[in-house]
Visitor: 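Input: one structure, supplied below.
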Amino acid sequence: MDLVGVCRAFVSVSERGSFTVGAAAARMSQSVASRRVAALEERFGEPLFERTSRRAVLTPFGRDMLPVARQLVQAADVLLHEAEAAKRKPWRLAVPGICSTAGLARLVAEARGHGVTLDLRVATPAQRLELIHAQQVRAALVAVPEDEATWSVPLGLATARDPGVRRVYVEMLRVGRASPEPARRIWIQPEDDVPHIRDPLTRLRDAVGLRPAQLVAAGDLTTAAAEVLSTRDLLLCSPAQAGELSLTWRPIGEITLSRGFALTAAADGNPQHIEGRLGGAIARCLGAGAPADTGEGAEA
C-alpha cells in the first residue's frame with residue numbers, strides 16, 4: 001500500500017467534504033480517490049467517512065485519524081521538497097588551472113544536461129588538496145601518478161619554432177662552458193610542479209649534464225609561455241596546451257611523462273555518481289587522450 005498516497009486522498013477529501021472536489025485538488029480521479037480511501041478503511045478495519053449523495057462526512061474514527069494522516073502527508077511533502085533542493089544544490093568542484101575557459105564551460109553545460117549544477121574552483125595541485133581537507137569543496141580533481149589516475153594527459157616539450165624532429169631529447173640542450181649561446185631552459189608550469197613529474201625530470205636533467213638553472217618552475221603559465229614565445233626555451237605541457245599557445249609540441253625522447261588525475265571527495269562526499277555521469281566531459285576538459293602532433297622528420 002502507498003501509505004502517503006492513500007493518506008493524501010483521505011486528507012484532501014476530508015478537507016473539502018467531497019470525493020469529487022477532493023480528488024481534483026489532489027490531482028487524481030474520483031475513482032482513484034475512492035479506491036485509496038476504501039483501501040485505507042479496509043486496512044484500519046473502520047470507516048473513515050459517512051457517505052451521502054452530496055457530501056463525505058468524517059466518522060468519529062475518521063476525525064481521530066485525520067491529524068496524524070495530515071502530518072504524514074505534510075512530512076512527505078517536506079521530504080520531496082528537500083530532495084529536489086538537494087538535487088539542485090551546486091556541486092562545488094576544484095579543478096586544475098590548465099583547463100581552458102571553453103573546456104570548463106562545456107563541462108558545466110554538460111553537467112546541467114545530467115541534472116548536476118557545478119560550482120567550479122580553479123586551483124593549483126596543492127590548493128586543491130587544501131580545499132578538500134578543509135571541506136571547502138565537495139570534490140577535487142587531484143594530481144596523482146599515472147598508475148593511480150582515472151584520467152591521464154601526455155606531457156612533452158613545446159617550442160615557438162618547429163624543432164624539425166619527432167622527439168626532443170633533453171640531452172641535446174646541454175651546452176659547453178665556452179658556448180656563446182644562452183642555455184635553453186625547460187619551464188615547468190604550476191600544474192606540473194608535483195613530485196611524480198618534477199622529480200623524474202630533475203633526475204634526467206642531472207643525468208644528461210644540464211645546468212640546474214635549465215629546469216625552471218614558473219609561478220604561473222603566462223610567465224612560462226611568454227619566455228618560450230620570446231626565446232628558444234621549451235615548455236613542459238600537454239598537446240592541447242601547446243595548440244592553444246601556438247607552440248609546436250613533441251614527446252620527450254628519454255622518458256615518458258603524464259599528468260594523472262583522480263576525482264577525490266571530501267570526507268562526507270561520494271564522487272562516484274559525478275564520475276559516472278561526467279567522466280567523458282572531465283576527460284575532454286583535461287585534454288586526456290588529445291592526439292599529439294608528432295610532426296615529420298627523424299628523431300634527434
Side-chain angles (χ1 to χ4, degrees), residues 96-100 103 143 145-147 149 151-261 283-300:
I98 50 96
C99 296
S100 68
E146 187 177 12
D147 58 358
W151 302 277
S152 294
V153 182
L155 290 175
L157 296 173
T159 56
R161 285 174 282 183
D162 192 329
V165 294
R166 297 183 64 182
R167 291 178 178 272
V168 174
Y169 284 80
V170 173
E171 182 182 8
M172 297 297 101
L173 305 180
R174 187 174 60 235
V175 294
R177 292 181 180 274
S179 174
E181 296 291 329
R184 299 174 68 189
R185 296 169 294 181
I186 296 174
W187 288 85
I188 300 177
Q189 54 187 295
E191 185 60 38
D192 302 320
D193 192 12
V194 290
H196 57 273
I197 295 176
R198 180 188 62 241
D199 292 354
L201 199 55
T202 302
R203 289 193 293 269
L204 176 60
R205 176 202 65 185
D206 297 340
V208 301
L210 267 60
R211 300 171 184 174
Q214 285 186 264
L215 187 62
V216 185
D220 56 82
L221 176 57
T222 301
T223 299
E227 291 290 339
V228 172
L229 288 167
S230 60
T231 67
R232 297 177 63 241
D233 288 353
L234 305 95
L235 176 67
L236 182 70
C237 65
S238 68
Q241 282 185 304
E244 292 169 8
L245 296 168
S246 299
L247 300 174
T248 301
W249 186 93
R250 297 290 183 264
I252 302 173
E254 294 95 342
I255 57 175
T256 299
L257 293 177
S258 296
R259 288 181 189 134
F261 296 98
R284 288 187 289 275
C285 185
L286 294 172
D293 173 16
T294 57
E296 299 296 335
E299 295 184 359

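Any value given below was found using the heavy atoms of this structure, including those in side chains, with hydrogens, waters and symmetry copies removed.
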Visitor: Provide the closest heavy-atom pair for A218 versus A224 in the form atom of the first, atom of the second, distance.
Guide: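 For A218 versus A224, the nearest heavy atoms are CB-CB, 3.7 Å.
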Visitor: Do L221 and Q241 come close enough that some side-chain heavy atom pair is under 4.5 Å?
Guide: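 When only atoms from C-beta onward are counted, Q241 and L221 do touch, with a gap below 4.5 Å.
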Visitor: If I take atom OG from residue S100 and atom CZ from residue R284, how far apart are they, to the nearest 0.5 angstrom?
Guide: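 It is 12.5 Å, given to the nearest 0.5 Å.
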Visitor: CZ of R184 to CZ of R211: how many Å apart, nearest 0.5 Å?
Guide: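 Separation between the atoms: 13.5 Å.
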Visitor: Quick one: closest heavy-atom pair of S238 and L155, and the distance?
Guide: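 Minimum heavy-atom contact is N-CD2, 3.8 Å.
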Visitor: Looking only at heavy atoms, what is the nearest atom pair of W249 and A242, with distance?
Guide: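 Distance-wise, the nearest heavy atoms are CB-CB, 3.6 Å.
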Visitor: Return the minimal non-hydrogen interatomic distance between S152 and A149, and the atom names on each side.
Guide: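 Smallest heavy-atom distance, with atoms named: OG-CB, 3.8 Å.
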Visitor: Please set out all donor-acceptor pairs under 3.5 angstrom arising from side-chain atoms of residues 225-237, sequence neighbours excluded.
Guide:
from : atom 1 : to   : atom 2 : distance (Å)
E227 : OE1    : R185 : NH2    : 3.1
S230 : OG     : A226 : O      : 2.9
S230 : OG     : E227 : O      : 3.4
T231 : OG1    : E227 : O      : 2.6
T231 : OG1    : D233 : N      : 3.0
T231 : OG1    : D233 : OD2    : 3.4
D233 : OD1    : R185 : N      : 3.0
D233 : OD2    : R185 : NE     : 2.9
D233 : OD2    : R185 : NH2    : 2.9
D233 : OD2    : W187 : NE1    : 3.0

Visitor: Is P251 close to V168 at the side-chain level, that is, under 4.5 Å between some pair of heavy atoms?
Guide: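 No; the side chains remain at least 4.5 Å from each other.
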Visitor: If you round to the nearest 0.5 Å, how far is CG of L157 from CD1 of I252?
Guide: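 Result: 4.0 Å between the selected atoms.
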Visitor: Please lay out, stage by stage, how V153 and S258 fare under the test side-chain contact (heavy atoms from CB on, under 4.5 Å).
Guide: CA-CA 5 Å; V153 182; S258 296; over 6 Å; no
Visitor: What's the separation between atom CD1 in I197 and atom CZ in R259, rounded to the nearest 0.5 Å?
Guide: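 Rounded to the nearest 0.5 Å, the CD1-CZ separation comes out at 6.5 Å.
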Visitor: Testing the basics here: between P96 and F261, what is the closest heavy-atom pair and its distance to 0.1 Å?
Guide: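 Nearest heavy atoms, P96 then F261: CG-CE2, 3.5 Å.
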Visitor: Among all residues two or more places apart in sequence or in another chain, which pass the salt bridge (charged side-chain N to carboxylate O under 4.0 Å, His left out) test with E146?
Guide: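 Partners of E146 by the salt bridge (charged side-chain N to carboxylate O under 4.0 Å, His left out) criterion come out as none, since no residue qualifies.
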Visitor: Of all residues at least two apart in sequence or in a different chain, which pass the side chain to side chain donor-acceptor pair (under 3.5 Å) check with T223?
Guide: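 With neighbours one apart ignored, the set is D220.
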Visitor: Suppose we screen for side chain to side chain donor-acceptor pair (under 3.5 Å). Which residues come up paired with Q214, at least two apart in sequence or across chains?
Guide: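 Here no residue qualifies.
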Visitor: Identify all side-chain donor-acceptor contacts of residues 200-210 below 3.5 Å with residues at least two apart in sequence or on another chain.
Guide:
from : atom 1 : to   : atom 2 : distance (Å)
T202 : OG1    : R198 : O      : 2.9
R205 : NH1    : P212 : O      : 3.2

Visitor: Could you report the tightest heavy-atom contact between A288 and W151, atom names first, then the distance?
Guide: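 Smallest interatomic distance, heavy atoms only, reads CB-CB, 4.3 Å.
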